[in-house]
Amino acid sequence: MKTLDHVNVSGKRVFIRVDFNVPLDKKDGRVADDARIQAILPTLRTVMDSGGKAILASHLGRPKGKVVPEMSLAPVARHLAGILGKDVPLAPDCIGATVRSMVDALPNGGVILLENLRFHPEEEKNDPDFSKELASLADVYVNDAFAVSHRAHASVHGIIRFVPVCAAGYQMAKEVEYFKKSIENPRRPLAVVIGGAKVSTKIGVLENLIPKVDVLIIGGAMANTFLKAQGYRVGKSMVEDDFISKALELLKLAQDRNVRVLLPVDVVVAPDMESGAQARVVDVASVPEDAGIFDVGDRTVKAVTEALSGCATIVWNGPLGAFETPPFEKATFALAAFLGSSKALTVIGGGDSASAVKKAGMDHKVSYVSTGGGAFLEMMEGKSLPGIEALEACMGKE
Ligand code: 3PG
Ligand code: MG
């Protein structure tokens, strides 16, 4: 990908689309997790240090085209100012005369953050006039917002045909590089661990990945549907009955492709998620009628880590259990710890897995944690992301 390294930004207005859609603390409204802010610092610092005028643009939440004060980017501006050790002014809007004069007044090496793009309905509509307005702020357009590149929105897609020069930010380039290293062109054996609540949201991922992987590990509540499909009784566990035949189809596909599949062999059951004190481990064949499955058991964790020990590349998306509700975090944290100590290339994607890796203190020990949730999943599904497609087309044109 053509990155920032290939464009001259000195003295230029550099419009950088970032994804500052970060969680805010419910009590004090401050940034609760700044991973997405940290991720774009190399791009931002390079632009500023090279004498460019950095214009940061982002969405936050889903304000649905209206000004929602709770979704202002003000807390992000303050947080970023703290990191940079200098003031980061927040423009009152992302388009219009006031914004333009603030941008015009920026010194070389200066930075400004525009207000939430999604306060305008035109952003999500990919409106051409709005795209053009945004583009009028840019001498150079940089997309460093991988996590929103699955959206064909004005600031990631429409804007591109109106800007003179395009480049990928370093974070974007890194996301694409790790996707290539892990899924497209991996060192083998390649294992993928898929967890999370619902099979229905992971079908596209499984269909695309099964022909590519050597080992497939299925955990989380979605494993219940596979277990039921294989004839096990799963008690009160969450199951998607409509997807039982799909689960069988996927297992058959894996078998045809010689993929080694691991499903839970033991599970942690309890009367309900709130009754952790009554949790106990049972064999998958002995799940009581009046209990539900909330995690996988120790024998499963052992089988999983043994299978992963022989792999050169491991990709993980989706927790193995209800890790936000102790004591159902054990398997997920054990997997995170294993990945942190593994010598394999370890790539983690998806909001829940990323947060589990962080909670387990392993976020700096694994090879790579993607900033993407939905975008990461769509890459895993083999889809081409509109933001990346438009960016590549634009870079090819120059
Ligand atoms: C995300 O967090 O998934 C991205 O910022 C995109 O946000 P969206 O799902 O609201 O489009
Ligand atoms: Mg999303």
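Numbering of ligands and ligand atoms starts at 1, following listing order.
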Practice task
Using a strict cut-off of 4.0 Å, indicate which atoms of ligand 1 neighbour a heavy atom of R118.
Solution key: 7 (O), 8 (P), 10 (O), 11 (O)
Handout entry: Per-atom contacts of ligand 1 with N21, taking only distances under 4.0 Å to non-hydrogen atoms
Key = 1 (C), 2 (O), 4 (C), 5 (O), 7 (O)
Handout entry: From L114, L56, V163, residue fulfilling side-chain contact (heavy atoms from CB on, under 4.5 Å) relative to F15
Key = L114
Exercise for the section: Measure the acute angle between the ring planes of Y178 and Y368, then classify it against the limits of 30° and 60° as parallel, tilted or perpendicular. Expected result: parallel
Exercise for the section: Could you see which bit of E124 sits under 4.0 Å from ligand 1, with heavy atoms only: side chain, backbone, both or neither? Expected result: neither
Handout entry: Donor-acceptor pair between S131 and R161 side chains, under 3.5 angstrom
Key = no
Handout entry: Check ion pair E207-K246 (N to O, under 4.0 angstrom)
Key = yes
Practice task
Assess H59 for proximity to ligand 1: is some non-hydrogen atom of it under 4.0 Å away?
Solution key: yes
Practice task
Say whether, by atom type as modelled, one donor and one acceptor occur between the side chain of K236 and the main chain of P271 under 3.5 angstrom.
Solution key: yes
Practice task
Report yes or no: does a heavy atom of G373 sit under 4.0 Å from some atom of ligand 1?
Solution key: no
Problem - Side-chain donor-acceptor contact under 3.5 Å, S275 with D272 - result: yes
Exercise for the section: Any atoms of ligand 1 less than 4.0 Å from a non-hydrogen atom of R62? List them with their elements. Expected result: 8 (P), 9 (O), 10 (O)
Handout entry: Matching residue for R17 among H157, H153, H59 - test: side-chain hydrogen bond (donor to acceptor under 3.5 Å, both in side chains)
Key = H59
Practice task
Identify which of H150, R151, R36, H153 has a heavy atom lying nearest to atom 1 (C) of ligand 1.
Solution key: R36
Practice task
Could you tell me which atoms of ligand 1, counted from 1 in the order shown, lie closer than 4.0 angstrom to a heavy atom of A147?
Solution key: 4 (C), 6 (C)
Handout entry: Proximal atoms of ligand 1 relative to D19 (non-hydrogen, under 4.0 Å)
Key = 4 (C), 5 (O)
